[in-house]
Protein chains: 2
Amino acid sequence: MKAQARIATAFSPAEALAARTAWLAKEDEAFRPTGTVMEVPEGREICAEGQDTDRFYKVVSGVVRVCKFLNDGRRQIEAFHVAGEIFGLELGAERLLSAETITDCSFIVYRRHSVEQQAKSDQALSRQLFQHAMRSLAQAQSHSLLLARRGAAEKVAAFLLDWIAKATEGGVLHLAMSRQDIADYLGLTIESVSRSMSQFERVGTIALAGARHVRIKNRYALEMLAA
Amino acid sequence: MKAQARIATAFSPAEALAARTAWLAKEDEAFRPTGTVMEVPEGREICAEGQDTDRFYKVVSGVVRVCKFLNDGRRQIEAFHVAGEIFGLELGAERLLSAETITDCSFIVYRRHSVEQQAKSDQALSRQLFQHAMRSLAQAQSHSLLLARRGAAEKVAAFLLDWIAKATEGGVLHLAMSRQDIADYLGLTIESVSRSMSQFERVGTIALAGARHVRIKNRYALEMLAA
DNA sequence: CGCTTAATTGATCAGGGTCAATCGTGGTGG
DNA sequence: CCACCACGATTGACCCTGATCAATTAAGCG
């Protein structure tokens, strides 16, 4: 698996550390039950709809997309996850969502049953699980708000602002995902995303250096749009 | 306050019981910390964005909408809640969402701090809080999916199907909320909701007896649309 | 350096938003 | 009890944005 050799090239160790540190700052203490480290190259499925929910994951490095495939062939991306974030934890016995790597990734795999068992006697762990769920909830609600936004440009602006916090390096935003991924996250087509980006560039709000490197030239303009 | 005299007329006791029973069936045991019962007439604010998150609620009877007011004047409804459901629990110190009564309601008010304190030594309670959060998460994700749906008719169909489970009586669906509420929940305009309903009636999928009484004549047709 | 795939751009179209008028219903007061 | 009133819902006409289809350009990779 050649991809194994270039793990975490999409995100530098410095970035991964920064992301994890930010996460730790929000938590009193890290989520630390024992789990297995796992490395997966870009573009692979981590878990799929219909599978057993006996495991969940925490990203160590890389970017993951969590999504659902609709019967009409479309794909809706529920969330992107970066270092420090937990994903794949669901209530039912069968998964409703799939997860895939967008870049080469490494993450920790937890056994759900084992963690839940441990939580019965570990108040701190119990609280962390609750907080994870509540944070995911807040994120899902803010995603709903994003999807309900009127214009395409507003959605894209809001998306860019979200990602400034997650993957900025020297004023340049690194988008780990394709235009298709962005479109599926925002409920737009690839063309609409592209047009919004081009429009932002035309009016001097951003500068594009390749499709995935975005320099934010006028953050205020984006904030006005995203509101 | 005359409305106090007709509390719970919008939902019969039988309906409220059915709803609560359904909820209990999903839980091993009921959510049972102590709280204060409160009655609020229709159309009142229960809590608002920016307020302290020191309380949360469980619906005993009636219907509640949880929503966010956007800076452009629009309103996005995050969820409707019926008997047995918990709402108003948030992670941050300040509320991001408001809650309002759609019908006359009664609910139980819990003190967040007190419940969290109790959860430290009560494993079952701790688990219930987690499960509530996870269930809310699943509901928020399914709402995202709804908002990402292509057509107006598909959204309305999915909405009707959701509500068959929550408020059906003798094959007739009672909608507790206005067209505007439905529109704000689905990210549509009132006119689009109305047109979809009329269209369903025209092709014989439903029959309307007043705007809020819907007889489902062809559930399968709705399911095909909602997919 | 060329090839393959992703991204951009353009032209056209359809669905839902908007504005405006009408209808119906439930609630009120005579 | 009935007529009226006010508000919510429906319907219609038109417009605008984003989807679709299609062609071109750019970029990453061998």
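Below, each value reflects all heavy atoms present in this structure, side chains not excepted, and no hydrogens, waters or symmetry copies. In what follows, chains carry the letters A, B, and so on, assigned in the order in which the sequence lines appear, proteins first and then strands, with residues in each chain numbered from 1.
Regarding B:K155, its NZ atom lies at a distance of 15 Å from the P atom of C:dG15, rounded to whole Å. Atom CZ of B:R149 is separated from atom P of D:dA19 by 16 Å (rounded to the nearest Å). B:M177 has its CE atom 16 Å from the P atom of D:dG8, to the nearest Å. Remark: P of C:dT8 and CG of A:L175 are 10 Å apart, rounded to the nearest angstrom. The separation between B:E154 atom CD and D:dA19 atom C1' is 14 Å, rounded to whole Å.
With sequence neighbours left out, the ring pair (Phe, Tyr, Trp, His ring centres under 6.0 Å) criterion links A:F80 to A:W163, A:Y185.
Note on ring orientation: taking the six-membered ring where Trp is involved, the planes of B:F31 and B:Y110 are perpendicular (angle over 60°, cut-offs 30° and 60°). The aromatic rings of B:F107 and B:Y57 stand perpendicular to each other, their planes meeting at an angle above 60°, with 30° marking the opposite boundary.
Evaluation of the salt bridge (Lys or Arg N to Asp or Glu O under 4.0 Å) test over residues 179-202 of chain A, restricted to residues two or more places apart or in two chains, returns A:R65-A:D181, A:R75-A:D181, A:R75-A:D184. Note on residues 143-159 of chain B: no pairs pass salt bridge (Lys or Arg N to Asp or Glu O under 4.0 Å), not counting sequence neighbours.
When the nucleotides C:dG17, D:dG12, C:dA7 are ranked by their closest atom to the side chain of A:S178, C:dA7 comes out on top. Here the side chain of A:S192 is nearest to one of D:dA19, C:dG17, C:dT8, namely D:dA19. Considering only the side chain of A:E191, C:dT9 comes nearest among D:dA19, C:dT9, D:dG18.
With respect to the salt-bridge test (charged N to carboxylate O, under 4.0 angstrom), the residues A:E49 and A:K68 qualify.
Atom OG1 of B:T205 sits about 14.5 Å away from atom CZ of B:R215, to the nearest 0.5 Å. Within the model, atoms NE2 of A:H174 and CD of A:E169 stand 4.5 Å from one another, a figure rounded to the nearest 0.5 Å. Expressed to the nearest 0.5 Å, how far CD1 of B:I206 lies from CG of B:L173 amounts to 9.0 Å.
B:T103 and B:A176 get closest at one heavy-atom pair: CG2-CB, 3.9 Å.
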Distances under 3.5 Å between protein N/O atoms and the N/O atoms of nucleotides 2-4 of chain D, please, pair by pair.
none

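A donor and an acceptor atom never sit less than 3.5 Å apart when one is taken from the side chain of B:Q180 and the other from the base of D:dC7.
For the pair A:R179 and A:R150, nearest-nucleotide mapping onto DNA chain C gives the more 5' position to A:R179. Of the two residues contacting DNA chain C, namely A:I190 and B:L188, the nearest-nucleotide position lying further toward the 5' end is that of A:I190.
For the side-chain hydrogen bond (donor to acceptor under 3.5 Å, both in side chains) with A:T53, the lone residue among A:R95, A:R112, A:E90 that qualifies is A:R112.
Overall, the helix from C:dC1-D:dG30 to C:dG30-D:dC1 carries an axis bend of 40° between its ends, with five pairs at each end and the value rounded to 10°.
Within residues 194-224 of chain B, the residues that place at least one heavy atom under 4.0 Å from DNA chain C are, in residue-number order, B:R195.
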